[in-house]
Amino acid sequence: MKAGLNKLLITLGLASAVLLTGCERPPIDAKQTGFRGTAMVEINNPRTQEKLAAENVAPPGVPVPADGPKASAVYKNVKVLGNLSEAQFTTFMVAMTSWIAPKEGCGYCHNVQNFADDSVYTKNVARTMIQMTQAINSNWNAHVKDTGVTCYTCHRGNPVPKEVWFDTAEKKKGGMLGNRNGQNAPSPNVGYASLPNQPFSSYFLAGKGAARITGPTALPTGHVKTIQETESVFGVMTHLSNALGVNCTYCHNSRAFADWTESPPQRAQAWHGIQMVKDVNSNYIVPITGMFPPHRLGPDGDVAKANCATCHQGVNKPLLGKSMLKDYPYLVGPPAGKPVTVAQQK
């Protein structure tokens, strides 16, 4: 009897230990962000913060004078950034290589036997991405402020940014009872919850609806939203929280999540960020799908697209708010021409 009790206690102890592996050990930092007693607080794990700080260090820049002959006069077939000096242009090309393809080198985007050749698809993609970066820094100050973005903000030394999304075929599959809507298939996109695991196509493309489901009154008064819409909104909100490494109360008032007048200012900035993501996906990324080879496309043949994590990567300010634009001021200003289309490359 006693031996059986000991075995039971040991089993319960081990089971408890396994369950606790899903919890974070103390100490945990808590910072009050609103009125006391209202759960307006930011929770952070100092060990996680230390790791994120190490992962969000901006590379050193190389300031170069704008004097000297223009790149378009020195090199052939310079369709973007030809207004830079030769020194600026070559310095930026070296910087882009280190930001995007440090292992592959110049040959990742260029035919090294003829740098004017356009046969390497990545060169054509890079042109459009430079224009996109200029457009973000010019048109979306409501979100990026004066900090801005560069190629490194998203790429971090990878040819394809780590955090991208596809309109996965898995979302459309169903069992005997119909379409599962991407649910009950745990994914880090939505914090491994049973929510739809790919909510991005519903909100991060032009023409898609706003992520709002809360009615304006306590009782039903004509405000109609489905359970599926509600779950999808919770999915994309979970993504935002994880992408920025923050709680819901970073953007929302715990007393009235839907009320804009009581929300922290970060909510408005996040709204502009969502509109920015719609813009870059719909006007710069999706239109050049035809430039990419099949192995760069998703299961449904769509191109990799941006979401909040593409830039933020776990922190509320990409690269912890460090601006790289002082060394690359030409990434601010009107885009160097309209987005280059697939047809123009043929």
Side-chain angles (χ1 to χ4, degrees), residues 59 61-102 104-141 144 148-155 158-161 276 279-293 296 303-306 310-311 324-346:
V62 182
V64 178
D67 302 330
K70 300 300 181 184
S72 57
V74 177
Y75 302 107
K76 297 179 181 178
N77 195 23
V78 181
K79 296 180 180 178
V80 176
L81 300 181
N83 60 318
L84 304 187
S85 70
E86 180 186 10
Q88 285 179 315
F89 186 80
T90 54
T91 299
F92 184 60
M93 291 297 104
V94 172
M96 281 187 69
T97 302
S98 67
W99 296 342
I100 298 168
E104 296 83 355
C106 302
Y108 184 72
C109 287
H110 292 279
N111 172 0
V112 294
Q113 303 301 320
N114 178 11
F115 276 68
D117 180 30
D118 282 347
S119 62
V120 182
Y121 85 92
T122 43
K123 179 181 179 182
N124 301 320
V125 172
R127 283 174 173 152
T128 305
M129 294 299 97
I130 291 170
Q131 293 172 317
M132 181 188 75
T133 302
Q134 292 178 317
I136 291 172
N137 291 329
S138 303
N139 303 331
W140 292 104
N141 293 96
V144 301
V149 298
T150 67
C151 315
Y152 185 78
T153 308
C154 296
H155 283 268
N158 301 290
V160 178
M276 180 188 76
D279 176 37
V280 300
N281 280 335
S282 300
N283 295 319
Y284 289 91
I285 299 177
V286 172
I288 62 171
T289 300
M291 292 184 186
F292 291 87
R296 287 298 191 202
V303 69
K305 296 171 283 295
T310 309
C311 287
M324 298 172 63
L325 292 184
K326 64 181 179 62
D327 296 317
Y328 309 99
Y330 35 82
L331 292 179
V332 182
K338 295 181 180 179
V340 180
T341 65
V342 177
Q344 290 172 323
Q345 297 294 346
K346 295 179 179 179

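Please read these numbers as outputs of a predicted model, since none were measured by experiment.
We find the OG1-OH distance between Thr133 and Tyr152 to be 15.0 Å, quoted to the nearest 0.5 Å. Rounding to the nearest 0.5 Å gives a distance of 12.5 Å between NZ of Lys123 and OG1 of Thr128. Between the CD atom of Gln134 and the OH atom of Tyr328 there is a distance of 15.0 Å, given to the nearest 0.5 Å. Note: Leu331 CG to Ile130 CD1 = 7.5 Å, rounded to the nearest 0.5 Å. Between Thr310 atom OG1 and His155 atom NE2 the span is 10.0 Å, to the nearest 0.5 Å. Here CE of Met96 is found 6.0 Å from SG of Cys109. Values are rounded to the nearest 0.5 Å.
Between the side chain of Ser85 and the backbone N or O of Pro65 there is at least one donor-acceptor pair closer than 3.5 Å. For the pair Ser282 (side chain) and Asp279 (backbone), a donor-acceptor distance under 3.5 Å is absent. Under the 3.5 Å distance criterion, the side-chain polar atoms of Glu86 are left unmatched by any main-chain donor or acceptor of Gly68. With hydrogens and angles disregarded, no donor-acceptor distance shorter than 3.5 Å links the side chain of Asp117 to the backbone of Asn114. In this structure, Lys76 contributes its side chain and Ala116 its backbone to no donor-acceptor pair below 3.5 Å.
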Stepwise side chain to side chain contact (heavy atoms under 4.5 Å, CB included) test for Asn137 and Met132: CA-CA 9 Å; Asn137 291 329; Met132 181 188 75; over 6 Å; no
Verdict with reasoning, Lys70 to Val78, per side chain to side chain contact (heavy atoms under 4.5 Å, CB included): CA-CA 10 Å; Lys70 300 300 181 184; Val78 181; over 6 Å; no
Stepwise ring-ring contact (aromatic ring centres under 6.0 Å, His included) test for Tyr108 and Trp99: CA-CA 12 Å; Tyr108 184 72; Trp99 296 342; over 10 Å; no
Working for side chain to side chain contact (heavy atoms under 4.5 Å, CB included), residues Phe92 and Thr150: CA-CA 11 Å; Phe92 184 60; Thr150 67; over 6 Å; no
Test log, rule side chain to side chain contact (heavy atoms under 4.5 Å, CB included), inputs Val80 and Met129: CA-CA 10 Å; Val80 176; Met129 294 299 97; over 6 Å; no
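The nearest pair of heavy atoms linking Asp327 to Gly61 is OD2-CA, 3.2 Å. Taking both residues in full, the closest heavy atoms of Leu325 and Gly148 are given as CD1-CA, 3.6 Å, listed atom of the first, atom of the second, then distance. Scanning all heavy atoms of the two residues, the minimum distance from Thr289 to Val286 falls at OG1-O, 2.6 Å. The nearest pair of heavy atoms linking Val74 to Pro69 is CG2-CB, 3.9 Å.
Put simply, the side chain of Met276 reaches to within 4.5 Å of the side chain of Val144, judged on heavy atoms. Residues Val125 and Ile288 are in side-chain contact: their nearest non-hydrogen atoms beyond the backbone lie under 4.5 Å apart.
Looking at Lys79 and Asp118, a side-chain N of the basic residue comes within less than 4.0 Å of a carboxylate O on the acidic one, giving a salt bridge.
The six-membered or imidazole ring of Tyr75 lies near that of Phe89, with a centre-to-centre distance under 6.0 Å.
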